[in-house]
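Index from 1, following the sequence.
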Amino acid sequence: SFRGYDGKSDLHVGITNSNGMVYNYNEEGIQRAETGWEQCISIPLVQPDAFGLLQQWDTLLEEFSAGEAWLPYRYEEHDHNCYTYALAFINSVLTAQGKQQMSKSEFTEKFVIPQTKKASKYITLHQELTANDFYIVPLPDQEKQC
């Protein structure tokens with residue numbers, strides 16, 4: 001439900017492997033989750049034609065996540081958190097490709113803000129419709145119509 005999100009709260013960040021398993025970092029260390037991310041904003045990081053990187057992605061993510069930097073005791077809410085983890089992984093991939101790393105602000109402006117703006121518009125529309133006695137009904141699946 002969108003009703004609980006005010007647009008100001010911090011969001012949790014994770015990175016998926018090729019099978020949709022979400023790797024994320026919190027005070028308990030690296031977590032791997034197959035569920036619980038159903039209401040997320042997906043930000044594509046790899047171009048579909050980057051076959052070499054796509055084939056290595058899972059291995060790179062697993063090896064990076066096993067690093068000592070992501071042990072539970074190193075977690076710090078503001079300076080060493082889920083966003084730090086995601087950005088550090090992205091930068092490790094960029095470095096391996098011989099590309100320049102991104103700063104936190106550059107990554108936020110280039111990747112995060114455009115997607116969160118889209119989500120914000122959708123959430124606002126949803127809240128306005130439900131607050132003004134409109135009903136949002138999911139469309140039936142094609143299989144159910146047969």
Side-chain angles (χ1 to χ4, degrees), residues 1-131 136-144:
S1 159
F2 297 113
R3 288 174 273 220
Y5 186 67
D6 61 5
K8 298 175 185 162
S9 304
D10 287 340
L11 299 174
H12 193 48
V13 177
I15 301 215
T16 61
N17 70 8
S18 63
N19 296 315
M21 175 78 67
V22 181
Y23 286 60
N24 60 97
Y25 179 62
N26 63 23
E27 58 277 346
E28 297 176 9
I30 295 295
Q31 306 295 307
R32 291 162 186 84
E34 292 180 339
T35 61
W37 291 81
E38 291 80 9
Q39 292 187 21
C40 70
I41 298 172
S42 177
I43 301 173
L45 299 172
V46 180
Q47 297 297 324
D49 62 348
F51 300 113
L53 178 55
L54 289 171
Q55 290 175 340
Q56 298 174 21
W57 188 264
D58 292 355
T59 302
L60 294 171
L61 183 56
E62 187 62 43
E63 289 173 358
F64 178 82
S65 299
E68 288 187 24
W70 313 113
L71 293 173
Y73 75 90
R74 293 184 182 251
Y75 181 85
E76 204 287 317
E77 185 176 356
H78 299 290
D79 297 319
H80 195 73
N81 53 34
C82 61
Y83 198 89
T84 309
Y85 164 76
L87 183 57
F89 174 69
I90 292 162
N91 279 331
S92 73
V93 171
L94 290 172
T95 299
Q97 293 180 311
K99 297 179 180 177
Q100 186 165 344
Q101 293 189 354
M102 283 190 278
S103 68
K104 185 175 183 178
S105 61
E106 182 183 4
F107 178 71
T108 302
E109 289 175 28
K110 187 174 181 181
F111 290 95
V112 178
I113 290 175
Q115 296 298 329
T116 54
K117 279 185 179 180
K118 287 179 190 175
S120 176
K121 288 177 184 177
Y122 180 77
I123 291 169
T124 301
L125 176 62
H126 183 275
Q127 290 170 338
E128 287 296 317
L129 289 172
T130 56
I136 300 170
V137 180
L139 293 174
D141 293 341
Q142 293 295 331
E143 295 173 10
K144 292 179 184 177

request  = Mind checking the OG-CD spacing from Ser92 to Gln97? Nearest 0.5 Å is all I need.
outcome  = 10.0 Å

remark   = Between the CG atom in Asn81 and the NE2 atom in His12, the distance rounded to the nearest 0.5 Å is 9.5 Å

ask   = So which heavy atom on Leu53 is nearest to which on Leu60, and how close?
value = CD1-CD1, 4.0 Å

inquiry  = To check you understand the geometry: which heavy-atom pair defines the closest contact between Asn24 and Val22, and what is its length?
reply    = ND2-O, 3.5 Å

ask   = Can you tell me how far the CE atom of Met21 sits from the CG atom of Leu61, to the nearest 0.5 Å?
value = 10.5 Å

ask   = Any donor-acceptor pair under 3.5 Å linking the side chain of Asn17 with the backbone of Asn19?
value = yes

message = Tell me the closest heavy-atom pair linking Glu27 and Pro72, and the distance in Å.
response = O-CB, 3.5 Å

query = Residues two or more places apart in sequence or in another chain: which of them pass ring-ring contact (aromatic ring centres under 6.0 Å, His included) with Phe89?
reply = Trp57, Phe64

key: Sub-4.5 Å side-chain heavy-atom contact between Glu63 and Gln56   = no

inquiry  = Hydrogens and angles aside, do Tyr75 and Glu28 bring a side-chain donor and acceptor to less than 3.5 Å of each other?
reply    = no

inquiry  = Is there a side-chain contact between Trp70 and His80 in this structure, where contact means two heavy atoms from C-beta onward sitting under 4.5 Å apart?
reply    = yes

ask   = Closest approach of Pro114 and Glu109, non-hydrogen atoms and distance?
value = CD-O, 3.4 Å

message = Parallel, tilted or perpendicular, judged at 30° and 60°: which one describes the rings of Tyr85 and Tyr25?
response = tilted

ask   = Hey, is CD on Glu76 packed in by over 12 heavy atoms from elsewhere, all under 6.0 Å?
value = yes

inquiry  = Contact between Leu94 and Gln100 at the side-chain level, heavy atoms closer than 4.5 Å - yes or no?
reply    = no

ask   = Which heavy atom of Thr95 sits nearest a heavy atom of Gln101, and at what distance?
value = OG1-NE2, 2.9 Å

key: For the student: nearest non-hydrogen atoms of Val13 and Trp37, plus distance   = C-CH2, 3.7 Å

